[in-house]
Amino acid sequence: MSRFGEARFLLSVASLAQLPPDTGAEIAFAGRSNSGKSSAINAITRRRGLARTSKLPGRTRLLNFFELAPAKRLVDLPGYGYASVTAAEREAWLPLLDALRVRSSLKGLVLVVDSRRGLTQSDEAFIEWARDAQGLHVLLSKADKLNRSEAAAALRSASERLGSRGTAQLFSALRGTGIREAQEKISAWLSLASSGSDAQ
Ligand code: GDP
């Protein structure tokens with residue numbers, strides 16, 4: 001039995017003091033607002049309402065921690081690139097994000113990128129910021145919006161851009177494409193016990 005279906009909300013963190021102890025292993029999810037990050041977390045955990053999805057970009061404004069198993073966590077980072085985020089909000093996040101990045105429990109980053117847009121400047125800025133983090137895996141989201149050759153081109157282009165900095169895959173929360181591949185990556189990073197038949 002895999003752990004993904006057992007994910008539960010752990011806590012929202014708005015200040016350094018609230019960060020959970022730096023023990024065990026965690027994977028952070030990042031991406032531009034509206035990239036499909038919440039939908040990806042929900043699809044990967046098979047918990048529809050776990051990360052709130054919204055048509056309103058930029059709604060996730062705190063670091064939200066979910067627990068898959070004792071001391072095995074997913075972290076939902078605030079979506080970036082949304083104009084209505086105030087300078088004050090950004091000021092509040094930055095120390096939190098910097099603290100997260102250097103935690104020894106942070107084993108990898110999953111970056112959600114709209115497959116139709118590919119890696120944007122803000123994604124590149126994020127990758128640069130995250131360069132010391134242990135692993136980087138890009139989910140090319142909403143792949144259902146691309147035809148087969150467009151999807152292949154998007155994957156090739158992202159993989160080339162990333163080079164040795166990380167890996168990429170196609171993903172669709174809507175169709176279920178790539179859920180198992182993403183789960184396998186995350187399981188390996190978190191050293192979760194090998195999964196059963198979690199993905200369809
Ligand atoms: P977030 O702001 O990055 O957390 O993005 P959301 O998960 O809230 O999704 C943003 C918008 O993209 C919503 O309207 C979703 O319905 C849509 N969306 C998310 N994933 C998919 C997908 O796999 N396929 C399609 N077609 N739309 C998606």
Side-chain angles (χ1 to χ4, degrees), residues 4-5 7-14 26-66 68 73-86 89-90 92-93 96-97 100 108-127 129-130 136-155 157-158 166 168-186 198-200:
F4 288 96
R8 67 178 185 94
F9 177 75
L10 191 62
L11 81 165
S12 275
V13 166
E26 62 200 15
I27 303 296
F29 279 72
R32 287 174 62 94
S33 297
N34 217 34
S35 62
K37 175 165 59 71
S38 306
S39 301
I41 293 172
N42 291 339
I44 288 167
T45 59
R46 302 216 166 275
R47 296 283 304 279
R48 193 168 288 191
L50 195 64
R52 280 181 300 167
T53 61
S54 166
K55 297 231 179 300
L56 258 188
R59 214 172 116 184
T60 313
R61 295 196 170 174
L62 295 166
L63 272 59
N64 290 312
F65 284 76
F66 307 101
L68 295 179
R73 297 174 296 273
L74 302 182
V75 193
D76 187 7
L77 303 185
Y80 52 78
Y82 185 50
S84 90
V85 172
T86 63
E89 280 175 311
R90 250 193 299 265
W93 297 339
L96 272 179
L97 294 176
L100 186 82
L109 292 160
V110 174
L111 176 60
V112 182
V113 171
D114 190 321
S115 58
R116 295 166 299 177
R117 304 181 72 141
L119 289 161
T120 62
Q121 265 190 346
S122 53
D123 295 320
E124 285 288 355
F126 177 82
I127 293 169
W129 168 86
L136 174 70
H137 187 59
V138 172
L139 300 183
L140 295 165
S141 66
K142 311 185 193 181
D144 54 278
K145 301 244 190 191
L146 302 180
N147 67 32
R148 203 181 271 257
S149 64
E150 288 168 337
L155 180 58
S157 161
Q169 66 158 99
L170 293 164
F171 190 88
S172 165
L174 193 73
R175 295 268 167 80
T177 315
I179 292 177
R180 181 187 293 273
E181 191 180 347
Q183 288 176 332
E184 281 171 0
K185 188 83 191 182
I186 293 166
D198 211 37
Q200 287 137 21

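Residue numbers start at 1 and run along the sequence shown. Atoms within a ligand are numbered from 1 in the order they appear, just like the ligands themselves.
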Engineer: List the steps and the verdict of side chain to side chain contact (heavy atoms under 4.5 Å, CB included) for L119 and F126.
Structural biologist: CA-CA 10 Å; L119 289 161; F126 177 82; over 6 Å; no
Engineer: Can K37 and D76 be counted as an ion pair, charged N to O under 4.0 angstrom?
Structural biologist: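 Result for this pair is yes, salt bridge flagged.
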Engineer: Under 4.0 Å from a heavy atom of K145: which atoms of ligand 1 are those, numbered in the order shown and with their elements?
Structural biologist: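 Selected atoms, number and element: 26 (N).
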Engineer: Need the ligand 1 atom indices (1-based, order shown) with element for anything under 4.0 Å from a heavy-atom of S35.
Structural biologist: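 The list of qualifying atoms is 3 (O).
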Engineer: Determine whether any heavy atom of S141 lies closer than 4.0 Å to an atom of ligand 1.
Structural biologist: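 Flag not set, S141 not near ligand 1.
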Engineer: With a 4.0 Å cut-off on heavy atoms, does R32 reach ligand 1?
Structural biologist: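 Under 4.0 Å: yes for R32.
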Engineer: What do you reckon, does S33 have a nitrogen or oxygen under 3.5 Å from a nitrogen or oxygen of ligand 1?
Structural biologist: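 For ligand 1, there is no N or O atom that lies under 3.5 Å from one belonging to S33.
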Engineer: Would you say A173 has any N or O atom under 3.5 Å from an N or O of ligand 1, going by distance alone?
Structural biologist: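 Yes; the residue has a nitrogen or oxygen that sits under 3.5 Å from a nitrogen or oxygen of the ligand.
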Engineer: When you compare the side chains of N64 and S12, does any donor N or O come within less than 3.5 Å of an acceptor on the partner?
Structural biologist: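 Result is yes, a qualifying pair exists.
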Engineer: What atoms of ligand 1 come within less than 4.0 Å of a heavy atom belonging to S39?
Structural biologist: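 Counting from 1, the qualifying ligand atoms are 6 (P), 7 (O), 9 (O), 19 (C), 20 (N).
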Engineer: Mind checking whether L174 has an N or O less than 3.5 Å away from an N or O of ligand 1?
Structural biologist: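 By distance alone, the answer is yes.
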Engineer: As a test of understanding, state which of V138, V75, L136 forms a side chain to side chain contact (heavy atoms under 4.5 Å, CB included) with L109.
Structural biologist: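 Exactly one pass, corresponding to L136.
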Engineer: Can you measure from CG (L62) to CG (L11) and round to the nearest 0.5 angstrom?
Structural biologist: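 Between atom CG of L62 and atom CG of L11 there are 10.0 Å.
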Engineer: Could you check whether D123 and T120, counting side-chain N and O atoms only, form a donor-acceptor pair closer than 3.5 Å?
Structural biologist: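 A pair is found: one side chain offers a donor N or O, the other an acceptor, under 3.5 Å apart.
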Engineer: So, does G31 sit close enough to ligand 1 that a heavy atom of it is under 4.0 Å from the ligand?
Structural biologist: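 Contact check G31 vs ligand 1: negative.
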Engineer: Once you restrict to heavy atoms under 4.0 Å, what part of D144 touches ligand 1? Side chain, backbone, both or neither.
Structural biologist: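 Only the side chain of D144 comes within reach of ligand 1.
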Engineer: Is the backbone N or O of S141 less than 3.5 Å from a side-chain atom of S115, with the two atoms forming a donor-acceptor pair by type?
Structural biologist: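 It does hold such a pair.
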